[in-house]
Amino acid sequence: MVTVDRSRVQSLLERERAEFEAQNPKSRAMHEAAHHLVGGVPMTWMNKWAGGFPLAFAEAHGNRITDLDGQTRIDFALGDTGAMAGHSPKATAEAVTRRVGELGGITTMLPTQDAEWVANELTQRFGLGHWSFALSATDANRWALRLARLITGRPKILVFSYCYHGSVDETFVVLDDQGNPASRPGNVAPAVDPTQTTRVVEFNDLDALERELAHGDVAAVLAEPALTNIGIVLPEPGFHEALREATRRHGTLLMIDETHTFSAGWGGATSAWGLEPDIFTIGKSLGGGVPCGAYGLSDDVLKRLTVALRTGADIIDVGGVGGTLAGNALSTSAMRATLESVLTKEAFEHMITLAGSFTEGITTALEASRLPWSVSQLGARAEYRFVSPAPLNGGASAKAADDELDELVHLYMANRGVLITPFHNMALMCPDTSQEDVDRHSELFAAMCMEIAG
Ligand SMILES: Cc1ncc(COP(=O)(O)O)c(C=O)c1O
């Protein structure tokens, strides 16, 4: 294995930063002129894109984005999963256009026929029989956590260190260097210290899970099937079976968040790996880019909820579960079209095959350059991490973070026509991604590794 020479990284970085500025004058000018936007961007996390300013886009179709300066790039970021169906997929765009125009009624506080169709489709894919909608995965998680506490009468939840489930207060807790629970670095003014609401263990650590559940106060374990927001951290063999068995034995609900891991297949990791969640949450990709989220409840959870509601908890009005625009006609029409015609079984086959090829391209380049990095695949998504072997938990993966290498990789790719997701080194395939697109990334990645390895 070679040791990465930091001074070479620095000089490559300078070269790529200069090239990025030279290629994108209009994006830069737009950013600098945006005086009324906090941080010069519509949402502050957009400043996470490498290069000092985000590319301003003019058009996006399928897996291509064209920026203000007229350059079209291959997009593997795909709205960090919000556009897993591709940008403006035809069926979704048609359904949404019809809803907005010909039929009318974007949000009315009334149901349309699409909602039950979508709920039934989610049941076919993920197995749980009862669904309700949100406008984001964050909200689906927030509301479902309330239901979990209501049903079990328990105050706490348990999460895995360095998980991400949206801006959900209870989840911003990690294990610190001494292995103690702590508010996640950067957590913005939490109402209460999250170590009061939440137990936290490392992913794949079954002993710690057992120890923490034994307190008997955990309403739900909220888990992604694999961590996807601190690199991809895959479960070890037997982890999910043990997690399911332990949660049942301790009277704790298992809440599976498939917002990202839906990439595992048509029925997400839940179907691909035979998971049996009590509660299921999802968002982002379902509506082909139109804001939406959903949570599903098992038969047993619905029965228990019905009983628990007799205590007077209010899930209809102002009890803290619900949003006026959730389940609106626009997002339900988008979800129906996307699930019916875009994110089909055939589409997933194509996307997963390509992600396999993408992963192979990286493996080959790492072997040739002898860089000590690793790559993990999760269905239609793959991600490289600057450590080898791939980490087995969030804490180890967090330690492998390398901002300089991140920036270098992102700029190297963007300057040569390829976008990967800004928060990490994730690439996602959509139905429009082609083998040629993957080959282009492999070719660039191999050349970049050789330059870095020297
Ligand atoms: C696993 C997971 N759950 C929930 C969310 C929150 O999604 P949103 O920001 O769309 O609410 C995210 C966002 O990255 C996520 O990765």
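We count ligands from 1, going down the list as the structure has it; atoms in each ligand are counted the same way. Quick note: residue numbers are just sequence positions, from 1.
- Taking the charged nitrogens against the carboxylate oxygens, D299 and R304 have no contact shorter than 4.0 Å, which rules out a salt bridge.
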| said: I'd like to know whether K303 forms a salt bridge (Lys or Arg N to Asp or Glu O under 4.0 Å) with D300, so could you lay out the CA-CA distance, the side-chain angles of the two residues, the decisive distance to 0.1 Å, and finally the verdict. | reply: CA-CA 5 Å; K303 263 193 226 132; D300 182 54; 5.3 Å; no
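- Put simply, the side chain of L158 does not reach to within 4.5 Å of the side chain of V200, judged on heavy atoms.
- Remark: R98 does not engage E94 in a salt bridge, criterion side-chain N to carboxylate O under 4.0 Å.
- The closest side-chain heavy-atom distance from F76 to D437 is below 4.5 Å.
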Got a list of side-chain donor-acceptor pairs under 3.5 Å for residues 78-87, not counting sequence neighbours?
residue	atom	partner	partner atom	Å
T81	OG1	R381	NH1	3.4
T81	OG1	R381	NH2	3.0
H87	NE2	D75	OD2	2.6

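- Under 4.0 Å from any atom of ligand 1, one finds heavy atoms of residues S136, A137, T138, N141, Y164, H165, G166, E224, N229, D257, T259, H260, K284.
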